[in-house]
Amino acid sequence: MASALITASADAGRILTFCIALIALLTTPPCQGIELGSFLADNMVLAREPLEARLWGWSDDVGETISVSIDGEEISEASTTVQDDGSWIMNLPPREASAGPHTLTFSGSGSTSAVTLKNVAFGDVFLCSGQSNMEFAVKGAFNSDAEIVNSVNYPNLRLANVNKTAADDPQDRVGSKSPYVWAVSAPDAFGAPWQWPSAVCYFFGRDLYRMLGGKVPIGLVSAPWGGQSVTAFSSPDAMSDPTCGGTVHLPDMYTSKYHMELKGTVEEPTAKVPHHRKLPETSQLWNAMIHPIINMRFAAALWYQGEADANDPDSYACRFPAMIADWRRKFDLRLPFYFVQLAAHKQDFSLIREAQMAALKLDDVSYAVAIDIGDPTSPWGAVHPRRKQEVGRRLARAVWGGPLYGRDIITSGPLVRGAIVDKETSSVTVTFVPGTASNLHANGTAACDENECCNTSPFEVRSSTKDNWTRADFSVVNRRVLLSVPEGIIPSEVRYDWEGYPQCAIYNGVGGPDDHKGIAATPFRISTVH
């Protein structure tokens, strides 16, 4: 009996010892070894020449050397040392575009285990950010099922989605919004509406991929959050920039509508906050979503945002270019920047569209117009039009003809040049920038009533002695628009598509918003010349 008790006691002791050891094993943090930076993962696209792809991360072994090999060949120029804070960073020598598939292996000079990335490509990587119209997923767009099936035809189009998160201080790490970190374009990479990937970002990347003949891998990193002000994506440095990104000279700021205090702080925008929920505050999305990927070498940035700031256009005209200039400094990149001018909506976005154009004072900034693709019956809300394919096409053309690729193509719709008044008849001739008004014509917008469309003129005039605007009948003659001014008005100003839902737009190319062969003119208001 005593022997049995001793045996049982011994067994219990062994079981207890085992349990304690097991608990210790499960609760003790594993050695981290080499940790790669956010969004360095299988299937990714790294920057091709002329940029130097950047690799970064952390290691437990301070002072050890981190090296990388590509397809088994060590890149001697790229080794680096782990700093006192555990971080390391290296640049690869510039590499040509290549789909590979390449294998990258990271090794430490100490006992650290190696880390391997597979199916890596070298190409052009783009950052897509903004609010809900950038977050709007492919699944919510027109013809989405067919588009998703078709996605399998672009294997070197790669997709990544930054998690929606906010922070009070700059962060080094951020997770993925999607179940994958990077995915090859294929149907299983697409989630439900409002999940992933961004429709505007995807359709842009797909069209650019086609323009490049599929020879250059394209990486798309989406980092949007619906309903957010530009200030949420702006660092404290951007927020305290009194020059608005260098677009305003200091002596001029005291006479501008937008008041900034002498200390360099700015007034917060007063845009209405929807949904009665607490939203990220100033700089919190910069800290948590953009800063963690600051080491990525982006070819350009795409931006679709402004609705949240519609009630404060004067502020936006400063904060938007300030954010762009600051991103360029922080990323230490040229970073060509492309934005979407807001689409038509029942709330008249004319003034915030005009404020967006302040960014054009910076070099290497361009845009895609969307005034003609409003969608008042969108099941996702009228502020979220479903024609994202056309937005992506226009962005791709802007990038194709911009500094990255420099192709000689028309990248915009007709751009107004002037409005000349005939003194005898008071009629007005609207002229356009040469090269932007080829095959000038009028066409109904996506939101037009079948009985209205271009039966309602998109042009209005007003006299310097009157406050009200009056519709002016129009006709297109060659590459100009002639306006018939109502009797008694000597026009001092002309404006075009300056309203919530314009019925008519002026295009170059062929057709209207669903023909994908022309681009609408940018809304404008302009003083006349007599």
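Note that the structure is a prediction, hence the values are computed from the model and not measured.
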Less than 4.5 Å apart, side chain to side chain, heavy atoms only: is that true for [X] and [Y]?
X    : Y    : result
H516 : E390 : yes
I352 : E354 : no
R319 : D241 : yes
Q341 : M357 : yes
I70  : I75  : yes
Q389 : N143 : yes
N119 : D42  : no
M289 : T165 : yes

If only atom types and distance count, is the side chain of [X] paired as donor or acceptor with the main-chain N or O of [Y] below 3.5 Å?
X    : Y    : answer
T80  : I89  : yes
W380 : G140 : yes
S235 : A238 : yes
S79  : I66  : no
D375 : A382 : no
S283 : S234 : yes
E147 : S144 : no
Q131 : P224 : no
R394 : I519 : no
R328 : L335 : yes

Interatomic distance, [X] atom [atom1] to [Y] atom [atom2] [nearest 0.5 angstrom]:
X    : Y    : atom1 : atom2 : value
W182 : S176 : CH2   : OG    : 10.5 Å
Y209 : L220 : OH    : CG    : 11.5 Å
S378 : R386 : OG    : CZ    : 5.0 Å
Y180 : R158 : OH    : CZ    : 12.5 Å
E499 : S350 : CD    : OG    : 7.5 Å
Y367 : L395 : OH    : CG    : 12.0 Å

Open item on the list: Show, in sequence, the C-alpha distance, side-chain angles and deciding distance for F204 and Y338, and conclude whether the ring pair (Phe, Tyr, Trp, His ring centres under 6.0 Å) test is met.
Closed with: CA-CA 11 Å; F204 154 78; Y338 300 85; 7.8 Å; no
Task: Any residue meeting ring-ring contact (aromatic ring centres under 6.0 Å, His included) with F298, in chain and number order, not counting sequence neighbours - done: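 F298 satisfies ring-ring contact (aromatic ring centres under 6.0 Å, His included) with F331 once adjacent residues are dropped.
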Task: side-chain contact (heavy atoms from CB on, under 4.5 Å) evaluation trace for L51 with L333 - done: CA-CA 9 Å; L51 295 176; L333 289 170; 4.0 Å; yes
What are the two closest non-hydrogen atoms of [X] and [Y], and how far apart are they?
X    : Y    : answer
S185 : L159 : CA-CD1, 4.4 Å
V125 : R297 : CB-O, 4.1 Å
S132 : W194 : O-CZ3, 3.4 Å
D237 : D326 : CB-OD1, 3.6 Å
W56  : P292 : CZ2-O, 4.0 Å
G512 : N443 : CA-ND2, 3.5 Å

Find out whether the Lys NZ or Arg CZ of [X] is both under 6.0 angstrom from the six-membered ring centre of [Y] and within 45° of the ring's axis.
X    : Y    : value
K139 : F190 : no
R353 : W498 : no
R48  : F122 : no

- [ ] Dump the intermediate steps for side-chain hydrogen bond (donor to acceptor under 3.5 Å, both in side chains) on N133 and K388, then the final yes or no.
- [x] CA-CA 9 Å; N133 269 305; K388 301 304 190 198; 2.5 Å; yes
Check [Y] with [X], please: is the shortest side-chain N to carboxylate O separation under 4.0 Å?
X    : Y    : answer
D514 : R387 : yes
K177 : E135 : yes
E52  : R95  : no

Open item on the list: Test side-chain contact (heavy atoms from CB on, under 4.5 Å) on W286 and I294; report intermediate values, then the result.
Closed with: CA-CA 10 Å; W286 159 260; I294 201 170; 4.0 Å; yes
- [ ] Show the numbers, then the answer: is there a side-chain contact (heavy atoms from CB on, under 4.5 Å) between Q356 and F339?
- [x] CA-CA 8 Å; Q356 288 180 293; F339 65 91; 3.8 Å; yes
- [ ] In sequence, state the C-alpha distance, the side-chain angles, and the governing distance for R54 and N91, and then conclude on side-chain hydrogen bond (donor to acceptor under 3.5 Å, both in side chains).
- [x] CA-CA 4 Å; R54 181 166 292 175; N91 287 354; 3.0 Å; yes
Which of parallel (below 30°), tilted (30 to 60°) and perpendicular (above 60°) describes [X] and [Y]?
X    : Y    : result
Y496 : F459 : tilted
F337 : W303 : tilted
F106 : W88  : tilted

Identify each donor-acceptor pair in which a side-chain atom of residues 399-416 lies under 3.5 Å from a protein atom, sequence neighbours left out, and give them as a table.
from : atom 1 : to   : atom 2 : distance (Å)
Y405 : OH     : D124 : OD2    : 2.5
R407 : NH1    : Y405 : O      : 2.9

Open item on the list: If you take the centroid of each ring, where Trp contributes its six-membered ring, are W327 and H291 closer together than 6.0 Å?
Closed with: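 They do not qualify: ring centres at least 6.0 Å apart.
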Open item on the list: Centre-to-centre under 6.0 Å for Y304 and F136, is that the case here?
Closed with: no
Task: Partner of L117 by side-chain contact (heavy atoms from CB on, under 4.5 Å), out of L36, T103, T105 - done: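 So, applying the side-chain contact (heavy atoms from CB on, under 4.5 Å) to L117 and each of L36, T103, T105, only L36 qualifies.
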Open item on the list: Out of the candidates N153, L157, V138, only one should pair with R206 under the side-chain contact (heavy atoms from CB on, under 4.5 Å) rule; please name it.
Closed with: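 Testing R206 for a side-chain contact (heavy atoms from CB on, under 4.5 Å) against N153, L157, V138 leaves exactly one candidate, L157.
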TODO: Take N161 and V221 through the side-chain contact (heavy atoms from CB on, under 4.5 Å) test and state the conclusion after the steps.
DONE: CA-CA 6 Å; N161 309 285; V221 180; over 6 Å; no
Open item on the list: Would C448 and C504 count as a disulfide pair, i.e. SG atoms separated by less than 2.5 Å?
Closed with: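 No disulfide here.
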Open item on the list: For a quick check under 3.5 Å, do N508 and S438 share a side-chain donor-acceptor pair by atom type?
Closed with: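 No donor-acceptor contact under 3.5 Å links the two side chains.
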Open item on the list: Could you check whether T445 and D372, counting side-chain N and O atoms only, form a donor-acceptor pair closer than 3.5 Å?
Closed with: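 T445 and D372 do not have a side-chain donor-acceptor pair below 3.5 Å.
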